[in-house]
Amino acid sequence: MVPDGYLHGLGQRLQAGHLVGLPASDNPLGLDEPTVLTVGPLLRELILAYTHTPHDDSPERGLLRAVLLDQLRASPQQPLHLPTPTAPQLIAVCEILRTNPADGRTLAVLGREVGAGDRTLSRLFKADLGMTFPQWRTQLRLYHALVLLAENTPVTAVAHLCGWSSASAFIDVFRRTFGHTPGTHQPRKRTG
């Protein structure tokens, strides 16, 4: 899972990880789960400035925070939605795959493990989650990939840990979903 308050730019990346912690009362996007946001140039600079002096209680810092919150409200969310199931059979199947996103078993095989037929599960995926099983599994794998990439896991390793047959297949799906390659998403390593 991505920690609460996780913010990582998918547009212009921050040079290093910068965490902006906000009290629960300051939820500019009304989010109740981790979300990936695009960080444009202005928001990037605001985050850098705000995290540069974390213990500053000056009025200027308060104004900086207000502008930062305004920019967060204006930041587009990335196209990644991973709904949580409510049907007991789906909860069981989804938990198996959350534990191991690389699990490549078919819905029929997973269904036998949880005591449900693949047609029943297919209907439940559409009714409960609003997407097909393959769509949900791809979203899960991309979600997991974002976490691994943020931890600087190599792209080839991410591809295999998330269940893609090759790095090129992973890169293709990632590029079609986010508009850029996974390598450009990873934080840069600091040297020296």
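Each residue takes its place number in the sequence, starting with 1.
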- Message: If I take atom OG1 from residue Thr53 and atom CG from residue Leu64, how far apart are they, to the nearest 0.5 angstrom?
- Response: 7.5 Å

- Please name all residues satisfying side-chain contact (heavy atoms from CB on, under 4.5 Å) with Asn100, sequence neighbours left out, ordered by chain then number. Ala102, Asp103

- Task: Determine whether Leu72 and Leu68 make a side-chain contact, defined as any pair of heavy atoms from C-beta on separated by less than 4.5 Å.
- Result: yes

- Starting at CD of Glu95, measure out to CD1 of Ile91 and round the result to the nearest 0.5 Å. 9.5 Å

- Task: Over all heavy atoms of both residues, which pair between Leu97 and Leu140 is shortest? Give the atoms and the distance, please.
- Result: O-CD2, 3.4 Å

- Cluster overlap Leu42 with Ile47, hydrophobic side-chain contacts below 4.5 Å: yes

- Item | Qualifying salt bridge (Lys or Arg N to Asp or Glu O under 4.0 Å) pairs, either residue in residues 157-182, two or more places apart | Asp172-Arg176

- How close do Leu124 and Gln89 get, heavy atom to heavy atom, and via which atoms? CD1-OE1, 3.7 Å

- Qualifying residues under ring pair (Phe, Tyr, Trp, His ring centres under 6.0 Å), relative to Phe133, sequence neighbours excluded: Phe125

- Taking atom CZ of Arg61 and atom NE2 of His55, what is their separation to the nearest 0.5 Å? 9.0 Å

- Hey, any chance Val67 and Leu43 share a hydrophobic cluster, counting ILVMFWY side chains that come within less than 4.5 Å of each other, even indirectly? yes

- Pairs flagged by side chain to side chain donor-acceptor pair (under 3.5 Å) wherever residues 107-118 is involved - sequence neighbours left out: Arg105-Glu113

- Query: Of all residues at least two apart in sequence or in a different chain, which pass the side-chain contact (heavy atoms from CB on, under 4.5 Å) check with Thr132?
  - Reply: Lys126, Pro134, Gln135

- Message: Please give me the minimum heavy-atom distance between Trp136 and Pro83, naming the atom from each residue.
- Response: NE1-O, 3.1 Å

- Task: Please name the pair of heavy atoms, one in Thr153 and one in Leu149, separated by the smallest distance, quoted to 0.1 Å.
- Result: O-CD2, 4.0 Å

- Across all chains, not counting sequence neighbours, the side-chain contact (heavy atoms from CB on, under 4.5 Å) partners of Thr86 are Asp128

Without placing hydrogens or testing angles, list every side-chain donor-acceptor pair under 3.5 Å for residues 158-169, not counting sequence neighbours.
unit_1 : atom_1 : unit_2 : atom_2 : d
Ser166 : OG     : Ser168 : OG     : 3.1
Ser166 : OG     : Ala169 : N      : 3.1

- Determine whether Leu121 and Leu110 make a side-chain contact, defined as any pair of heavy atoms from C-beta on separated by less than 4.5 Å. no

- For residues Arg98 and Pro85, report the shortest heavy-atom separation together with the two atoms involved. NH1-CD, 4.3 Å

- Note, Thr181 side chain near Phe174 side chain (heavy atom, < 4.5 Å): no

- Residue list, side-chain contact (heavy atoms from CB on, under 4.5 Å) with Arg123, at least two apart or on another chain: Arg119, Thr120

